[in-house]
Asks: 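I'd like to ask you about the structure that follows.
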Amino acid sequence: MRTMTQGQGSLEGKVALITGASSGIGAAAARVFVREGARVVLVARREDRIADIVAELRADGAQASYSAADVQVSADVERAVSHAVETYGRLDVAFNNAGAGGEVAPLHLLEDKAYDLVMDTNVRGVWNCLRHEIRAMTETGGGSIVNTSSVAGLVASSVPAPYIAAKHAVIGLTKAAAVEYARSDIRVNAIAPGLTRSEMVEDWFARVPGQEAKSMASAPQNRMAAPEEVAEAAAWLCSDRASFVTGATLPVDGGRTTW
Ligand code: NAP
């Protein structure tokens, strides 16, 4: 079990890798994790974006770095994890948050490549991250991992079928890894965000007329989350404050999955 000194940030001294950090929930997490005392390594494909966020964090005195990577590619993820270990000496925390919504169409009209993109980003991406992160964490005696699923990992809705399947699979991988590595002091959890203001959602609303109103009709709080609200939940689960939580999926959905 890990303990924390009172008064410290919840991630004080931890080395944290965050995927999907170039926008939305991941970019918000970079700022929240740094506020909580972490040294962060940002990962995404758009290098200019993560470089800008790192520059902003460093200007505020944080220890931050980045590694451009496509989470679909195992060698990319391995390089990013190695970068974290070489830069800061270890890896304590990982927020596997990169994801893709994919094409919006009825199941029978979607082609294989639409299915592949969503599965390869959301499921293979988390798979690649878990393998390389767990290898690094076992070398230093443990860690904490949070994977981003979705309310679409808990219930079906009007989002495309491959995304629903992929986000259910993320929860399956989370549970499997949590059980397998519980005695190695590695906790693995998932968050299931509800509708959150981000590029992915703005793009979805732009492509599907009437979707925003439809989504709001099923939002108990009649609003979307801000990315920071989701990032706060991830930070808590990543931290030692959640020391007896593993294999769990935490809805961060404003009550969306209660009915
Ligand atoms: P976003 O702003 O579009 O962020 C998606 C992030 O994933 C970007 O940083 C993107 O970076 C990265 N990414 C996508 N494909 C990647 C790849 N192959 N390799 C590396 N990085 C990749 O949307 P978001 O809402 O913050 O999404 C973050 C996570 O939350 C996703 O897993 C999403 O499924 C999940 N989620 C979102 C909502 C919501 O309502 N917004 C709800 C539930 C779950 P690059 O393009 O630079 O690579």
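Counting starts at 1 for both ligands and their atoms, following the listed order.
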Asks: Is there a heavy atom of Gln72 sitting under 4.0 angstrom from any atom of ligand 1?
Replies: yes
Asks: Return a yes/no value for Val71: is any of its N or O atoms, backbone included, closer than 3.5 angstrom to an N or O of ligand 1?
Replies: yes
Asks: In terms of residue, atom name and distance, what is the protein heavy atom nearest to atom 40 (O) of ligand 1?
Replies: Thr196 N, 2.7 Å
Asks: With atoms numbered from 1 as shown, which atoms in ligand 1 lie under 4.0 angstrom from a non-hydrogen atom of Gly24?
Replies: 2 (O), 26 (O)
Asks: As an exercise, state the distance from CD of Glu228 to OG1 of Thr196, rounded to the nearest 0.5 Å.
Replies: 10.0 Å
Asks: Considering Lys167, Met200, Arg256 one by one, which has a heavy atom nearer to atom 27 (O) of ligand 1 than any of the others?
Replies: Met200
Asks: Suppose I only count heavy atoms of Val201 and a 4.0 Å limit; which atoms of ligand 1 are within that range?
Replies: 39 (C), 40 (O), 41 (N)
Asks: Tell me, which protein residue and heavy-atom name are nearest atom 1 (P) of ligand 1, and how many Å apart are they?
Replies: Ser23 OG, 3.4 Å
Asks: Can you pull out the closest protein heavy atom to atom 6 (C) of ligand 1? Residue, atom name and distance to 0.1 Å, please.
Replies: Gly20 CA, 3.7 Å
Asks: Under 4.0 Å from ligand 1, counting heavy atoms only, is it the side chain of Ala69, its backbone, both or neither?
Replies: backbone
Asks: To check your reading of the model: name the closest protein heavy atom to atom 46 (O) of ligand 1, its residue, and the distance in Å.
Replies: Arg45 NH2, 3.0 Å
Asks: Counting only heavy atoms, which portion of Ser149 has something under 4.0 Å from ligand 1: side chain, backbone, both, or neither?
Replies: backbone
Asks: Begin from the C-alpha positions of Glu133 and Asn96 and carry the test side-chain hydrogen bond (donor to acceptor under 3.5 Å, both in side chains) through to its verdict.
Replies: CA-CA 10 Å; Glu133 292 158 359; Asn96 299 327; 3.0 Å; yes
Asks: What part of Asp70, side chain, backbone, both or neither, has a heavy atom within less than 4.0 angstrom of ligand 1?
Replies: both
Asks: Any N or O on Ala44 sitting closer than 3.5 Å to an N or O of ligand 1?
Replies: no
Asks: What is the nearest protein non-hydrogen atom to atom 10 (C) of ligand 1, stated with its residue, atom name and distance?
Replies: Ser22 OG, 3.7 Å
Asks: Report, in ascending order of atom number, the atoms of ligand 1 lying under 4.0 Å from any heavy atom of Glu199.
Replies: 2 (O), 3 (O)
Asks: Looking only at non-hydrogen atoms, find the nearest pair between Ser239 and Arg187 and report the distance.
Replies: O-NH2, 2.7 Å
Asks: Would you mind running through ligand 1 and noting each atom that sits below 4.0 Å from a heavy atom of Gly99?
Replies: 5 (C), 7 (O), 14 (C), 31 (C), 32 (O)
Asks: Output the distance between atom CG (Leu195) and atom CD (Gln211), rounded to the nearest 0.5 Å.
Replies: 8.5 Å
Asks: Which residue supplies the protein heavy atom nearest to atom 43 (C) of ligand 1, what is that atom called, and how far is it?
Replies: Pro193 O, 3.2 Å
Asks: Return yes or no for this condition: an N or O of Thr148 is under 3.5 Å from an N or O of ligand 1.
Replies: no
Asks: Tell me: protein heavy atom nearest atom 34 (O) of ligand 1, and distance?
Replies: Tyr163 OH, 2.6 Å
Asks: Between Glu56 and Arg31 (salt bridge meaning N to carboxylate O under 4.0 Å), is one present in this structure?
Replies: yes
Asks: Take Arg39 and Ser65 through the test side-chain hydrogen bond (donor to acceptor under 3.5 Å, both in side chains) and record every step on the way to the result.
Replies: CA-CA 8 Å; Arg39 293 169 280 171; Ser65 188; over 6 Å; no
Asks: Based purely on interatomic distance, does Thr121 place a nitrogen or oxygen under 3.5 Å from a nitrogen or oxygen of ligand 1?
Replies: no
Asks: Which residue supplies the protein heavy atom nearest to atom 21 (N) of ligand 1, what is that atom called, and how far is it?
Replies: Ala98 CB, 3.5 Å
Asks: Rounded to the nearest 0.5 Å, what separates atom NZ in Lys14 from atom OG in Ser144?
Replies: 8.0 Å
Asks: For ligand 1, which atoms have a heavy atom of Asn97 less than 4.0 angstrom away?
Replies: 28 (C), 29 (C), 30 (O), 31 (C), 32 (O)
Asks: Please check if the side chain of Ser22 supplies one atom and the backbone of Arg49 the other of a donor-acceptor pair under 3.5 Å.
Replies: no
Asks: Does a side-chain N-to-carboxylate-O contact under 4.0 Å join Glu229 and Arg197?
Replies: no
Asks: Does ligand 1 have any atom sitting under 4.0 Å from a heavy atom of Ala192?
Replies: no
Asks: Apply side chain to side chain contact (heavy atoms under 4.5 Å, CB included) to residues Phe95 and Thr19 and explain how you reach the verdict.
Replies: CA-CA 6 Å; Phe95 181 30; Thr19 74; over 6 Å; no
Asks: So is Ala21 touching ligand 1 or not, going by heavy atoms under 4.0 Å?
Replies: yes
Asks: Is it true that Ala152 lies under 4.0 Å from ligand 1, counting heavy atoms only?
Replies: no
Asks: More than 12 heavy atoms of other residues, nucleotides or ligands under 6.0 Å from OH of Tyr115: is that the case?
Replies: no
Asks: Is there at least one pair of N or O atoms, one from Ile25 and one from ligand 1, spaced under 3.5 Å apart?
Replies: yes
Asks: Suppose I only count heavy atoms of Ser198 and a 4.0 Å limit; which atoms of ligand 1 are within that range?
Replies: 2 (O), 23 (O), 24 (P), 25 (O), 26 (O), 41 (N)
Asks: Could you walk me through whether Ile18 and Val41 pass the side chain to side chain contact (heavy atoms under 4.5 Å, CB included) test, one step at a time?
Replies: CA-CA 6 Å; Ile18 301 168; Val41 173; over 6 Å; no
Asks: Should Phe33 and Leu237 be counted in the same cluster of Ile, Leu, Val, Met, Phe, Trp and Tyr side chains packed under 4.5 Å apart?
Replies: yes
